[in-house]
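Heads up: the structure comes next, in structure tokens.
Just so we're on the same page: letters track the sequence lines, and every chain starts at 1.
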Amino acid sequence: MSYNHQAIEKKWQDRWDETGIFYAKDNDPREKFYCLVEFPYPSGAGLHIGHPRSYTALDVVSRKRRHQGKNVLYPIGWDAFGLPTENYAIKTGRKPQDITKENTDTFRRQLKSLGISFDWSREVNTTDPNYYKWTQWMFLEFFKAGLAYKTTQPINWCLSCKIGLANEEVVNGRCERCGGDTEKREKEQWMIAITKYADRLLEDLDTVDYMEKIKIQQRNWIGKSEGALISFKVDPSPGPVTPWINVFTTRPDTLFGTTYLVLAPEHELIEQIATDEQMLEIMAYVEAAKKKSEIERGSDEKEKTGVFTGAYAINPVTGKKIPVWVADYVLGGYGTGAIMAVPAHDERDFAFAKMFELPIVKVVEPEVLQNIIHPDVGISHGMQSDVKVVHECFTGEGVAVNSGEFTGQKTEEMKKNIVAWLETEGHGEASVNYKLRDWVFSRQRYWGEPIPLVHCDKECQVETKGWVPVPDDQLPVVLPEVEKYEPTDTGESPLATIEDWVNTTCPACGGSAKRETDTMPNWAGSSWYFLRYIDPHNNETFADQEKLNQWMPVDLYNGGMEHTTLHLLYSRFWNKFLFDRGHVPVSEPYARRHSHGLVLAEDGTKMSKSKGNVVNPDEIVSEYGADALRMYILFMGPFEEPVPWNLNGLIGVRRFLDKIMRYVSEWDESAAVDGGKIIEPHLKKASDDIDAFKFNTAVSTFMMLFNELGQKKITRDQLKRLLIVLCPFAPHVANEAWEMIGEEGLVEEQPWPEFDEALLVRDQVELGVQVNGKTRSAIVIAPDADEATAREAAFADENVKRHTEGKEIVKVIYVPGKIFNIVVK
RNA sequence: GGGCCGGUGGCGGAACCGGUAGACGCGAGGGACUUAAACUCCCUUGGGGGCAACCCUGUGCGGGUUCAAUUCCCGCCCGGCCCACCA
């Protein structure tokens, strides 16, 4: 017998809709549980088979919590701004608004067909003006706090999207969205000063329960390093004002080994200090470096290039003149865009020095060498004349050599002392650097939130360089209708072409003014959506304070690892900022963060449209049913690991669901026997596995349970308990079965079972018996039997006798319930 | 190059805190039911040996700790993901 999934799934989904049983309740005395999944980007392709993995898993958790009497908020919405929709609009000439409407309708239908217990009354959409009104309002909060600023600086530019990208969006020199080539470009951009929060984003990781690998990845991305800022005086001075070159280093202790300086090609001092003879060559090099795409620059395989500027600077500790070079192995965006090169103790500097025959001076030795009498100690640390060719580079810590008065100090000690010396001499100071960059927040695109600023023609607001916020009562600044969605040839947003929208009046002085035509990146709306779910229809504020107090923080948040350095970091930052402004009650938005693995194609590779190995959830649901898809996707493997899709596996799960329905239809109360000893341990295991995120073994536990039951009919109460625990996994089947046995109402209304300890303990276990660690037999014995009993049973066993007879028994190890091991000689 | 994760049957995977390796599912083989098929049910299924009871071997490779290692330690090899000239 095979149950009719189409009929029963529709039936119960309608019942859930009618009763509103999954709606979260504000002002409710029950304990709250806020369960969150990353809301999807509603693409034209429809739901990906990977989506249900995360949604189903957290659905199981949410459903269990409801059974346990919690007031659960499990919402869903649409992260709908973004390039694919815009590109589709360009291709078809249709409005992105219309395309989005169609796509979200599809996604909603697909998600509902899975029976996921979302609270559909709280659906949000980032492209809804009632939503992005608040995204804009929050941007203005950043602006008013001085954290949003416009600047011209080299940014990552995607050549095919014609769009500026944040660091986080550039993957191996390619655009994260389209995979196209990127290069550095000078462009005016709105930035948000996320770096001001770098320390707190780092430190507060200790206060949250994230999977360790997520924390590690965020720490690495923030990339805090401590060191020193050191100033080198250019000598001879190229003009009346003597320029100084500032460098950041994590190894100030190697200053004596600094034999040259290197500036990034973008460095502002280059033109000023380069000598006339070198100028042509330098300019050519700088130009070439600019044109190099990020890919080329990265793929140079350590082959170093560079040009001498002709200028020299003074090493403050040795007093020696050292040459200043320009090379693109130094990054303009990190530190000061200039480095002190210590070829003896840095691989990159070493490679460069060898290439251009620059001096290499050893100033650190591994500590172990210090115990050996060393002829080098004490030799002068001069330049050219006494340079020995060093054949390898030592980057570790150790003891200083060739370092004047500091010689003999350990690295840690020397770092402190040299920084103190630099500070007194006015040549430098202790300093901290981060890899994290400020967030490039402008997009020259149509399909995003307009940045709600106006530039006053008279620049009446001097301190903000003429930029004036659109007043709150004029928000949202609604996206105007345009003819064409293409970015303009000048690299400006299509909005720039709508004159009567661009031209406006200055909110401050009433004079003429122009609107900002850039839009926000698609990360904007997703940075705070978890707050809007709490009060999605509020028109007075983004969410009511009382309700925020009630619901925040999110108790459990699941999403993909690919968002660890993007969305997850951005939204933590955004929430912290709102917290500082007094708008949200907690500093960290997510108490616990989990991540899921990808669902791969059957061949173990990523699913992709081009390879044609994509699985369509609609087909699966219509052919095998939502419950089969739900249970299979949980069963296929460990939740956090990637697993290949396998249709036969899904069919196996469907067979199991048929087996359950068959059991229930054949179930006969009058023939019931006590099955407590069978079902109780299994139900307990399945229940525990939910909290441990071990959904795969939870499903297999149900299978084992039915294998053990066989034809045995359990009591009504026992069957009911079973169906309640099954319900989070296969809610349609559980409800249908519930009705089949004549029970009223919905399974969702039932409390989670309390497990009876007495039924969990087993009276007999099979205990392995080993001789010298090799399993030779097994005995059936009480799990808590004493050693004498176990010993008797074990030595009575024929097989054990055969392996022990005539041998000296050295000792026996008996671990009750685990093992009985006899050591013989 | 760095960080993280992983490597167990033909396949996906299980094994709690070191305690009978291979649960559960798929696939395969055999059988029952059927006029036949589908469905369902039963048996077998890591490799090698043996009629059998059983024996040997086995969790990427090489060592080690232990009564006992898929699990812990050391050294390698391979794969995946993320980051990557970050001073």
Determine the Euclidean distance between corresponding [atom1] atoms of [M] and [N]; express it in Å to zero decimal places.
N	M	atom1	value
B:A68	B:G13	C1'	25 Å
B:G27	B:G48	C1'	23 Å
B:C39	B:U34	C1'	11 Å
B:G60	B:C24	C1'	25 Å
B:A15	B:A87	C1'	48 Å
B:C72	B:C67	C1'	16 Å
B:U65	B:C56	C1'	26 Å
B:A69	B:C82	C1'	31 Å

A:Lys774 or A:Lys435: which one's nearest nucleotide on RNA chain B is closer to the 5' end?
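Going by which nucleotide is closer to the 5' end, it is A:Lys774.
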By nearest nucleotide on RNA chain B, pick out whichever of A:Met561 and A:Thr250 is the more 5' one.
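Upstream on the strand: A:Met561.
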Under a 3.5 Å cut-off for both distances, is [N] Watson-Crick or wobble paired, and to whom?
N	result
B:C26	B:G10
B:G79	B:C5
B:G58	none
B:C33	none
B:C72	B:G64

Over how many whole Å does the gap from [X] atom [atom1] to [N] atom [atom2] extend?
X	N	atom1	atom2	result
A:Glu808	B:C67	CD	C1'	14 Å
A:Ile822	B:C67	CD1	P	16 Å
A:Gln218	B:C83	CD	C1'	14 Å
A:Asn156	B:C83	CG	P	13 Å
A:Leu229	B:A87	CG	P	14 Å
A:Phe350	B:G1	CZ	P	17 Å
A:Leu657	B:C39	CG	P	17 Å
A:Asn220	B:C82	CG	C1'	9 Å

Heavy-atom side-chain contact between A:Lys435 and A:Asn220 under 4.5 Å:
no
Heavy-atom distance under 4.5 Å between the side chains of A:Ile660 and A:Tyr3, does that happen here?
no
Looking at the angle O4'-C1'-N9-C4 for a purine or O4'-C1'-N1-C2 for a pyrimidine, is B:G9 syn or anti, with syn meaning within 90° of 0?
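Classified syn.
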Glycosidic class, syn or anti, of B:C17 using a 90° window around 0
syn
Classify A:Asp349 by what it touches in the nucleic acid, base, sugar-phosphate, or nothing, heavy-atom distance under 4.0 Å.
nothing
Just checking A:Lys213: base, sugar-phosphate only, or nothing, at a heavy-atom cut-off of under 4.0 Å?
sugar-phosphate
Is it true that a side-chain atom of A:Glu38 and a backbone atom of A:Gly560 form a donor plus acceptor pair closer than 3.5 Å?
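Confirmed, A:Glu38 side chain pairs with A:Gly560 backbone.
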Main-chain N/O of A:Leu201 paired to A:Arg572 side chain as donor or acceptor, under 3.5 Å
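Checking the backbone N and O of A:Leu201 against the side chain of A:Arg572, a donor-acceptor pair under 3.5 Å is found.
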Side-chain H-bond candidate by donor/acceptor type, [X] with [Y], under 3.5 Å:
X	Y	answer
A:Ser225	A:Asn433	no
A:His5	A:Asp627	no
A:Asp797	A:Ser777	yes

Can you see if the side chain of A:His803 gets near the phosphate of B:C54 - specifically, an N or O under 4.0 Å from OP1 or OP2?
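Answer no for this pair, as no side-chain N or O of A:His803 is under 4.0 Å from OP1 or OP2.
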Think A:Arg776 has a side-chain N or O under 4.0 angstrom from the OP1 or OP2 of B:C56?
yes
Would you please indicate yes or no on a ring centroid separation below 6.0 angstrom for A:Phe352 and A:Tyr260?
yes
Do any pairs count as a salt bridge (charged side-chain N to carboxylate O under 4.0 Å, His left out) and have a residue in residues 774-795 of chain A, sequence neighbours left out, and if so which ones?
none
Give the B/S/- string for nucleotides 14-26 of chain B, one per nucleotide from 5' to 3', where a protein heavy atom under 4.0 Å of the base yields B, of only the sugar-phosphate yields S, and otherwise -.
SSB--BBS-BBSS
